[in-house]
Amino acid sequence: MDTRFVEGLNPQQAEAVTHEGPALLIIAGAGSGKTRVLTHRIAHLLASGRARPHEILAITFTNKAASEMRGRVEALVGPEARSMWVSTFHAACMRILRREHDAVGLTSTFSIYDTADSVNLMRLVAKDLNLDPKQFSPKALAARVGRFKDELIGPEEAVRLTESASRFTLEHVAGQAYGPYQARLEAANAVDFDDIILKSVRLFEEHPDIAVKYREQFRHILVDEYQDTNHAQYVLVREFVGMGGAGTGTATASLTVVGDADQSIYAFRGANIRNILEFEQDFPDAHIIRLEQNYRSTQTILSAANAVIANNTERRPKNLWTDAGAGERIVGYAADTEQDEARFIAEEITRLMGEDNRAPSEVAVMYRANAQSRAIEERFIRAEIPYTVVGGTRFYERTEIKDMLAYLAAVANENDDVAVRRIVNTPRRGIGDAAVEGIEAAARAAGVSFGAALRRLDEASRMTARARAAVEGFVALLDDLRALAADNGPAALIDAVADRTGYLAALRASDDPQDASRIENVMELVAVGREYGEENPDGTLTGFLEKVALVADADQVPDADGGGGVVTLMTLHTAKGLEYPVVFLTGLEEGTFPHARSMETPGELEEERRLAYVGLTRAKERLYLSRAEVRSSWGAPQYFPASRFVEEVPGDLVDWRRSEGLDELERARAERLSRRGESWSGIYGTKGVDRATGTLDDRRVPPSPPGSAPGPDLGLGIGDRVSHDQYGLGRVVALEGSGHNAVAKVDFGDLGVKRLLLRFAPVVKL
DNA sequence: GTTTCTTTTGTTTTT
DNA sequence: CAAAAGAAAC
């Protein structure tokens with residue numbers, strides 16, 4: 001046996017690395033070294049001669065994980081390993097679909113629609129079907145259609161399955177909308193995210209010759225994070241392995257999957273734990289290896305995580321252990337407000353950087369929803385803590401970037417209706433709603449796409465001469481860009497789009513302060529294009545668009561470099577697979593985490609708990625749990641009781657602290673918020689909170705909900721001095737309105753006179 | 001057709 | 001409170 005790759009591994013890990021057999025399931029507990037096992041297994045396959053690099057297909061959850069895995073294997077066995085396929089499901093399928101596009105009925109320039117594009121397309125479908133967008137939001141319909149695709153259900157079958165449902169359910173309407181949606185998608189020569197997998201499955205099912213070709217190539221399939229695969233991905237794996245329906249006479253490939261049912265956090269997107277629980281039934285002669293020793297966390301952290309996950313009933317018990325010492329106690333902090341929570345985190349990080357000599361890159365702050373980063377960011381800026389937010393309003397989802405990319409997509413694919421419609425009047429060029437309607441009518445009459453109809457305007461008689469001229473100008477512009485794209489790389493095209501379309505000029509001319517940063521973003525996209533051109537000398541426009549479409553949140557996580565670095569802020573979902581010496585788990589309140597919308601159904605609540613488990617197990621040495629009693633989600637601030645997940649952590653593991661040493665200003669603000677927050681929403685339960693321990697207490701039931709929140713009565717008069725969180729000190733110069741709508745005009749000196757709606761404004765009377 | 005004002009709505013989580 | 005959508009004025 002080749003012992004090079006098992007040195008320093010425990011017996012289970014070593015067995016997982018060297019096991020020979022048709023199917024292997026590695027049940028890997030959190031922090032059990034699964035990434036190492038997977039990379040060493042690949043290295044072992046290569047070094048022992050069982051596999052050649054091009055015979056390996058390894059599926060990871062993110063592109064970043066893929067490039068790291070490839071790098072490690074190359075370091076272990078040499079550069080020839082480069083010809084392995086290591087990528088996400090989506091990237092692997094795209095590679096196949098591009099190659100075999102004829103067989104799936106696409107032209108080579110097909111577009112990829114992300115979630116936002118799908119919703120836009122669904123908006124058109126909903127309009128065609130006369131659906132009320134308030135009753136059935138395009139977003140919900142698009143998501144439901146996506147779930148059909150995850151289950152490999154086609155439009156006709158979806159209609160059949162949902163016709164019995166009441167006509168006015170999302171279920172039924174989505175079934176009806178699926179067909180028209182898919183028709184529009186295909187007419188646009190585009191695929192959405194779910195199609196990438198679905199069409200790959202269909203390709204293999206309907207073209208046995210192609211299936212056999214890939215099966216003969218890939219002799220070893222490895223899938224990481226198997227607990228988060230959906231049905232379509234499961235069927236695809238079976239096709240790869242040779243256990244699918246299509247093709248005959250091909251020997252099956254070996255299959256290795258790695259996963260942990262306790263870390264399944266994507267059921268909302270179609271992931272099915274069944275895939276991991278029933279692996280043995282699915283793949284005969286399957287062997288199972290459990291990795292139950294944790295090498296990541298201290299015993300304290302692990303005990304907390306084990307205690308929390310034990311509350312899930314739909315679960316096979318697991319015995320995850322460590323021989324690391326107890327380590328530091330967990331620190332809990334019950335803050336008054338989200339600002340107070342942020343202040344605590346910032347102070348604690350500053351202290352850790354000083355006293356414990358921690359680098360910022362050793363610290364991560366995690367939260368349930370992206371919007372929660374805001375208060376923390378504001379505080380970090382003030383405290384001068386270097387940080388990055390991963391995900392959030394993602395770069396590629398910003399309006400200006402989507403606009404620019406829509407130009408590129410329209411240039412690459414004339415039939416891409418979502419892209420063409422997005423830019424037809426951006427920047428303004430005199431093609432308004434009426435003109436768009438006319439073009440639409442022409443497109444329908446001629447049975448062509450919106451983009452193609454731009455050239456056939458004679459058929460749209462109702463259009464004004466001016467609009468017609470504007471459209472002609474637009475068509476000429478696109479043709480110019482197409483000519484340029486024909487013999488230049490994507491970088492040159494992005495440059496041209498920014499300049500020749502007048503997009504940058506419009507931003508520069510605007511007096512909206514936000515447009516300054518939009519210009520920067522556009523320039524950054526230009527830089528991204530240049531970088532792509534340098535890294536891929538023969539990279540194409542479609543290649544660039546594909547790369548951009550498939551970037552994931554987790555791909556942007558900064559590397560943990562030795563010197564300094566930055567604190568990472570991210571959602572718990574993005575944190576999957578990562579680890580940090582110091583982790584802050586924030587917003588542990590009923591309604592925030594678990595999220596209010598997941599608290600109704602037991603299944604969703606258990607998924608929230610798995611998410612908590614993922615969060616807890618990211619920490620190696622120090623773990624902080626924090627919550628805010630008052631959080632201003634939107635509108636009025638609200639009280640939130642402590643999260644049940646906090647209570648599920650054994651009390652002796654946690655050192656609870658409460659806000660102390662608030663300065664006068666902050667205390668006044670906390671009081672003010674409390675005064676207002678007493679309007680109890682009622683949807684988050686009826687338990688009170690023991691302020692000393694931060695735990696739920698049935699005896700302390702909050703005040704009953706008043707019909708309307710009491711207006712703030714600051715007792716302000718003209719001439720009073722006030723303090724504002726942002727503007728600082730000021731003097732009241734006028735008062736308008738009363739009660740709920742009371743407004744004060746306050747002179748903040750250099751900052752000028754501001755009109756403040758007292759219901760919201762963060763002001764304190766001094 | 002475009003700008004500006006007013007009203008409404010919204011926060012899960014993401015390949 | 002902010003962003004987006006809708007309505008009215010230009």
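The model shown is predicted, which means the values in this text are computed figures rather than measured ones. Just so we're on the same page: letters track the sequence lines, and every chain starts at 1.
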Students often get this wrong, so: under 4.0 angstrom with heavy atoms, is [X] touching a base, only sugar-phosphate, or nothing?
X      : result
A/A369 : sugar-phosphate
A/K576 : nothing
A/E225 : nothing
A/Y266 : sugar-phosphate

To the nearest Å, how far apart are [X] [atom1] and [N] [atom2]?
X      : N      : atom1 : atom2 : answer
A/F268 : B/dT11 : CZ    : C1'   : 13 Å
A/R374 : C/dC1  : CZ    : P     : 11 Å
A/I112 : B/dT15 : CD1   : C1'   : 12 Å
A/M366 : B/dT14 : CE    : C1'   : 17 Å
A/K139 : C/dA3  : NZ    : C1'   : 13 Å
A/E338 : C/dC1  : CD    : C1'   : 12 Å
A/F593 : B/dT12 : CZ    : C1'   : 11 Å
A/D114 : B/dT15 : CG    : C1'   : 11 Å

| field | Counterpart base for B/dT15, defined by Watson-Crick or G-U wobble contacts under 3.5 Å | value | none

Considering only [options], which nucleotide approaches the side chain of [X] most closely?
X      : options                : answer
A/A434 : B/dG1, B/dT12, B/dT14  : B/dG1
A/A552 : B/dT15, B/dT14, B/dT12 : B/dT15
A/N425 : B/dT14, B/dT12, B/dT2  : B/dT2
A/A467 : B/dT14, B/dG1, B/dT12  : B/dG1
A/E608 : B/dT11, B/dT15, B/dT12 : B/dT12
A/S598 : B/dT12, B/dT15, B/dT13 : B/dT12
A/T571 : B/dT12, B/dT15, B/dT14 : B/dT14
A/R428 : B/dT2, B/dT9, B/dT15   : B/dT2

Are [X] and [Y] in a cation-pi contact, defined as NZ or CZ under 6.0 Å from the six-membered ring centre and within 45° of the axis?
X      : Y      : result
A/R269 : A/F193 : no
A/K402 : A/Y396 : no
A/R202 : A/F204 : no
A/R274 : A/Y234 : yes

| query | Does a donor on one side chain sit under 3.5 Å from an acceptor on the other, for A/Y367 and A/T592? | reply | no

| query | With a 3.5 Å cut-off and no angle check, do the side chains of A/D260 and A/Q263 form a donor-acceptor pair? | reply | yes

| What residue among A/Q372, A/M570, A/H573 forms side chain to side chain contact (heavy atoms under 4.5 Å, CB included) with A/M366? | A/M570

[N] OP1/OP2 closer than 4.0 Å to side-chain N/O of [X]:
X      : N      : answer
A/N370 : B/dT12 : no
A/N63  : B/dT15 : no
A/T62  : B/dT15 : no
A/R394 : B/dT15 : yes

| query | Taking the same atom, C1', in B/dT13 and in C/dA4, what whole-Å distance lies between them? | reply | 22 Å

| request: For nucleotides B/dT11 and C/dG6, find the distance between their C1' atoms and express it as a whole number of Å. | output: 22 Å

| query | Is A/R368 side chain donor-acceptor paired with the B/dT12 base, going by distance under 3.5 Å alone? | reply | yes

| query | Starting at the 5' end of DNA chain B and moving along, which residue's nearest nucleotide shows up first, A/D194 or A/A435? | reply | A/A435

| message | Go nucleotide by nucleotide along DNA chain B from the 5' end; which of A/H595 and A/G430 gets its closest nucleotide reached first? | response | A/G430

| Using centres under 5.5 Å plus planes under 30 degrees as the test, is A/H573 stacked with B/dT13? | no

